[in-house]
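Atom set for the values below is all heavy atoms of this structure, side chains included, hydrogens, waters and symmetry mates excluded. FYI, the numbering just counts along the sequence from 1.
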Amino acid sequence: MGEPSDGQSRLDKIVRQIAGLMVAEVCSIYLKRQDGSLELFATEGLNPGAVHNTFMKRGEGLVGRCAELAVPINEPDAQNHPAFSYRPETGEEVYHSFLAVPVLRGGDVLGVLTVQNKTHKEYSDEDVEVLQTTAMVLAEHLVTGAVAGVNSGAEFSRAVGHVVRGQSLSEGLALGHVVLHQTRVVVTELESKDPAEENRRLEAAVEELKASVDEMLEQGELAATGEHREVLEAYRMFAHDRGWLRRMSEAIRRGMTAEAAVERVQNDTRSRMLRQADAYWHERLRDLDELSDRLLRILAGRPRNGAHMVQLPHDTILVARTMGPADLLDYDRSRLRGLVIEDGGGQSHVAIVAKALGIAAVGHARGVMERVDEGNPIIVDADSGEVHIRPSSEVIAAFGDKARFQARRHRKYRALRDKPAVTRDGQKIGLHINAGLLMDIPHLAESGADGIGLFRTELQFMISATLPRLERQIQMYRSVVLDAGDKPVVFRTLDVGGDKVLPYLRQPAEENPALGWRAIRLSLDRPGLLRTQVRALLRAAADQELRLLLPMVSTVGEFDMARALIDREIDLLRRRGMSDPAKVLLGAMIEVPSLLYELDTLMPRVDFVSVGSNDLLQYLYAADRNNTRVAGRYDPLSAAALRALGAIAEAANRHDKPLSLCGEMAGRPLEAMALIGLGYRSISMAPVSVGPVKSMVLSLDAAALQRWMAGVLKSGEGSLRAQLKRFAEDQGVEI
Ligand code: PEP
Ligand code: MG
């Protein structure tokens with residue numbers, strides 16, 4: 001393979017050599033085309049004229065079946081097999097026995113390698129093994145360009161683009177090159193001369209792996225990443241699995257290096273995994289897959305995942321199976337353009353960090369890890385949730401245009417930065433940003449926002465390895481207050497629990513975490529946590545105004561209890577002679593529907609309210625905000641949702657209490673317009689949304705909208721999106 005020659009003669013030589021080696025009359029290579037069909041690329045024994053002229057449709061014949069199921073097919077009497085598909089141009093009618101193995105690379109089927117003989121015989125296990133190993137070598141060469149220059153009607157599937165559909169985690173568009181978060185060890189040495197030595201290396205590596213997994217279990221290192229105990233046990237079980245070790249040893253006995261043997265067995269696992277519909281077994285196989293990665297790293301002498309390369313490409317797109325927020329923060333932000341995660345969902349913590357960093361991110365991108373290699377060109381379109389792997393030049397050109405268009409728009413928004421957000425009829429709309437980490441604060445000035453409408457304090461807790469103590473919290477909040485300058489900051493007290501897990505805080509597993517022991521519920525039951533946080537916030541805002549916001553309030557009683565706790569802390573501070581804030585304003589988040597029916601009791605007790613529309617709508621529609629199947633089912637611009645939001649605005653108005661809304665809908669111009677139509681005069685959003693929303697505000701006549709909306713809401717039903725859009729178009733509102 002190493003000899004310099006063109007792609008076609010290499011393939012021809014391979015089939016000739018395999019045929020000789022296996023004493024087969026025929027050996028052929030079929031490669032997968034983009035549409036899933038298979039093309040005969042090279043053959044020894046079949047009619048040479050059939051090369052590049054024989055195509056098998058997806059799943060057609062025994063070759064198609066081998067590719068589809070990703071398993072070897074061993075038939076002594078192929079022609080009488082019901083799936084056999086006869087191709088007169090190949091002249092294969094005289095061959096009876098047939099063996100096909102898939103050409104696999106990282107779980108992807110690139111093609112099929114076959115041998116045929118005239119006699120009726122079943123190929124031995126050793127034959128199958130030899131052909132599979134050869135297929136592995138072939139796969140390696142295929143992805144490194146062994147077929148370059150072959151005159152074929154198609155390119156094989158790995159070479160050309162794949163589109164993986166996922167879920168948008170952080171909007172934006174990014175073109176760049178893949179950096180694998182968990183760098184897979186590339187196995188280059190496949191054949192060994194000393195099986196005994198290789199076996200010794202494998203055994204030593206497996207011992208090290210077992211020890212590291214046992215240690216992990218004891219230290220709870222994996223538990224810290226949110227894995228369940230059961231998963232840890234499964235890990236241990238697989239690490240100690242004799243069958244796994246035996247299969248790898250057998251591969252070594254057949255002449256492979258320890259690394260190649262691990263990868264060979266891993267390939268089998270991956271292809272079984274891809275066929276596995278049962279979620280439980282899929283997960284278990286994934287454990288085994290990850291253990292193989294770990295074992296490869298041990299063999300390569302870098303047991304720790306030192307994924308963070310010395311020099312990242314300037315247009316890095318990270319691709320990860322899973323990733324925590326702290327992992328993402330390890331990378332050099334100036335070189336990061338995008339992120340694709342196989343597992344992570346919309347509200348995952350890493351998504352929140354990606355948003356804070358302003359990088360395009362897509363999650364739930366099933367199968368992406370198997371399909372990319374380090375350095376591949378890739379496009380992340382987080383607006384549509386699509387990831388284009390190895391895109392064609394046309395696709396790159398189209399996205400290049402889109403990216404340039406977006407950049408132009410950004411320039412336009414930047415020009416609006418210092419303009420106040422006032423409607424055409426003179427109504428001032430407060431535009432604030434959501435934040436959660438110190439690095440978000442510069443966005444305040446960059447976006448020209450009026451303040452921080454929601455500071456999610458739990459983010460600092462989530463990226464911390466241990467519980468931040470009082471002094472560290474004081475330091476943190478003081479920096480936020482200082483950096484924000486004269487712009488107000490609304491600090492939300494800890495909203496943990498549910499899916500926001502603090503690795504160092506023991507929380508029971510819950511069947512319905514979104515309805516569980518979280519936020520203020522947890523804070524009131526474990527007051528130590530809230531007390532320390534409040535103390536830190538009070539001290540950080542000494543002599544200044546402090547705005548505190550309580551999450552997930554479900555009853556007025558909870559608000560009262562929290563206020564009592566906070567008042568006690570203020571008292572304590574004064575008694576100790578320390579400076580307290582000049583003023584403490586305490587607000588409630590309205591994000592649980594029960595409060596909608598207690599608004600007139602709640603409003604007199606609060607200093608301000610902020611609507612958490614993400615949660616409010618999730619509970620109103622009983623639709624999990626993390627579940628893509630149901631989250632997109634209900635339109636926030638439906639009459640029902642808008643009436644609920646309208647009722648809050650009316651109550652705040654009646655009681656003359658400042659009102660804001662800080663859920664995702666505030667950042668979408670059409671939704672933000674609807675909120676203004678309901679009477680909202682302050683909203684809080686991701687920093688990137690400030691420009692587009694301000695552009696909408698500047699072109700809006702709020703009074704006209706409010707009159708129009710009152711009418712529409714009276715009789716409207718279902719989604720009012722189309723009507724709102726029409727209003728915007730008729731009135732020339734920029735949405
Ligand atoms: C909300 O629920 O709308 C909200 C702003 O809070 P979070 O997204 O942090 O739950
Ligand atoms: Mg919420």
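- Considering all non-hydrogen atoms of both residues, A672 and I683 come closest at CB-CD1, 3.8 Å.
- Nearest heavy-atom pair, L617 versus A641, reported as atom, atom and distance to 0.1 Å: CD2-CB, 3.6 Å.
- For the residue pair L698 and P420, the shortest heavy atom distance occurs at CD2-O, 3.6 Å.
- Looking at heavy atoms from C-beta onward, S447 lies out of side-chain contact with R414 at the 4.5 angstrom threshold.
- Formation of a donor-acceptor pair under 3.5 Å by the R643 side chain with backbone atoms of L713 is found in this model.
- For N653, the side-chain hydrogen bond (donor to acceptor under 3.5 Å, both in side chains) test picks out no residue, with sequence neighbours left out.
- Tested against F491 for a side-chain contact (heavy atoms from CB on, under 4.5 Å), the candidates V534, L548, I452, L454 yield a single pass: L548.
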Given salt bridge (Lys or Arg N to Asp or Glu O under 4.0 Å), test D483 with R478 step by step and report yes or no. CA-CA 8 Å; D483 289 359; R478 200 168 271 156; over 6 Å; no
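- Contact check for R535 versus L470: side-chain heavy atoms found under the 4.5 Å cut-off.
- With rounding to the nearest 0.5 Å, the separation of CZ in F455 from OG1 in T493 is 13.0 Å.
- Ion pair K428/D450 flagged as a salt bridge, since at least one NZ, NE, NH1 or NH2 atom sits closer than 4.0 Å to an Asp/Glu carboxylate oxygen.
- The backbone N or O of K419 lies less than 3.5 Å from a partner atom in the side chain of K694, making a donor-acceptor pair.
- In this structure, Q544 and P581 have side chains that are not in contact, with every pair of non-hydrogen atoms separated by 4.5 Å or more.
- In this structure, the side chains of V592 and D615 stay at 4.5 Å or more apart for every pair of heavy atoms.
- Not counting sequence neighbours, the partners of R605 by the side-chain hydrogen bond (donor to acceptor under 3.5 Å, both in side chains) test are D560.
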Take L169 and V362 through the test side chain to side chain contact (heavy atoms under 4.5 Å, CB included) and record every step on the way to the result. CA-CA 5 Å; L169 301 185; V362 167; 5.7 Å; no
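- With values rounded to the nearest 0.5 angstrom, E471 atom CD is found 12.0 Å from M476 atom CE.
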Under 3.5 Å, sequence neighbours excluded: what are the donor-acceptor pairs made by side chains of residues 699-712?
{"residue": "S699", "atom": "OG", "partner": "S695", "partner atom": "O", "Å": "3.2"}
{"residue": "S699", "atom": "OG", "partner": "M696", "partner atom": "O", "Å": "2.9"}
{"residue": "S699", "atom": "OG", "partner": "E734", "partner atom": "N", "Å": "2.9"}
{"residue": "D701", "atom": "OD1", "partner": "A703", "partner atom": "N", "Å": "3.3"}
{"residue": "D701", "atom": "OD1", "partner": "A704", "partner atom": "N", "Å": "3.2"}
{"residue": "Q706", "atom": "OE1", "partner": "R681", "partner atom": "NH2", "Å": "2.8"}

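- The main-chain N or O of S638 is never found under 3.5 Å from a side-chain atom of S719 such that the two would form a donor-acceptor pair.
- With rounding to the nearest 0.5 angstrom, the OG atom of S523 is 6.0 Å from the CG atom of L494.
- Residues D495 and R518 are paired through a salt bridge, judged by an N-O separation under 4.0 Å between the basic side chain and the carboxylate.
- By the 4.5 Å heavy-atom criterion applied to side chains, F727 and M673 are counted as neighbours.
- Between L585 and L546 the shortest side-chain heavy-atom distance does not fall below 4.5 Å.
- In this structure, CZ on R539 lies 4.5 Å from CE on M578, to the nearest 0.5 angstrom.
- The main-chain N or O of G516 is found under 3.5 Å from a side-chain atom of R521 such that the two form a donor-acceptor pair.
- Proximity of Y680 to I429: side-chain heavy atoms (C-beta onward) are nowhere separated by under 4.5 Å.
- At least one donor-acceptor pair closer than 3.5 Å links the side chain of Q618 to the backbone N or O of R625.
- Around the CG atom of D525, the shell of radius 6.0 Å holds more than 12 heavy atoms that belong to other residues, nucleotides or ligands.
- Expressed to the nearest 0.5 Å, how far CG of L645 lies from CG of L678 amounts to 6.5 Å.
- Considering CD1 of I590 and CG of L596, their distance stands at 7.0 Å, rounded to 0.5 Å.
- Sequence neighbours left out, the pairs with a member in residues 594-603 that pass side chain to side chain donor-acceptor pair (under 3.5 Å) are D600-R654, D600-H655.
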Could you walk me through whether Q723 and R721 pass the side chain to side chain contact (heavy atoms under 4.5 Å, CB included) test, one step at a time? CA-CA 6 Å; Q723 291 177 62; R721 183 172 296 273; over 6 Å; no
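- In terms of modelled atom types and a separation under 3.5 Å, the side chain of E591 and the main chain of L616 share no donor-acceptor contact.
- Under the side-chain hydrogen bond (donor to acceptor under 3.5 Å, both in side chains) criterion, T457 pairs with Q533, sequence neighbours left out.
- The local environment of NZ in K725 is sparse, with at most 12 non-hydrogen atoms from other residues, nucleotides or ligands closer than 6.0 Å.
- Of all heavy-atom pairs between M552 and I520, the closest is O-CG2, 3.5 Å.
- In this structure, the side chain of S579 does not engage the main chain of A542 through any donor-acceptor pair within 3.5 Å.
- Qualifying side-chain hydrogen bond (donor to acceptor under 3.5 Å, both in side chains) partners for E446, counting only residues two or more places apart in sequence or in other chains: H443.
- Considering all non-hydrogen atoms of both residues, V489 and A484 come closest at CG2-CB, 3.5 Å.
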Step by step, would you call M561 with L565 a side chain to side chain contact (heavy atoms under 4.5 Å, CB included)? CA-CA 6 Å; M561 280 195 268; L565 183 147; over 6 Å; no
Carefully, step by step, assess L642 and L637 under the rule side chain to side chain contact (heavy atoms under 4.5 Å, CB included). CA-CA 6 Å; L642 291 177; L637 293 181; 4.1 Å; yes
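- A donor-acceptor distance shorter than 3.5 angstrom exists from the side chain of S168 to the backbone of A382, with no hydrogens or angles considered.
- Panel note: side chain D383, backbone E171; no donor-acceptor pair is recorded below 3.5 Å.
- In this structure, the side chains of C662 and M589 come closer than 4.5 Å at one or more pairs of heavy atoms.
- Here the side chain of E558 pairs a donor or acceptor atom with the backbone of S554 at under 3.5 angstrom.
- V584 and L538 make their closest contact through CG2-CD2, 3.9 Å (heavy atoms, listed as atom of the first residue, atom of the second, distance).
- Between S384 and R165, the side chains place no donor N or O within less than 3.5 Å of an acceptor N or O (distance only, hydrogens not considered).
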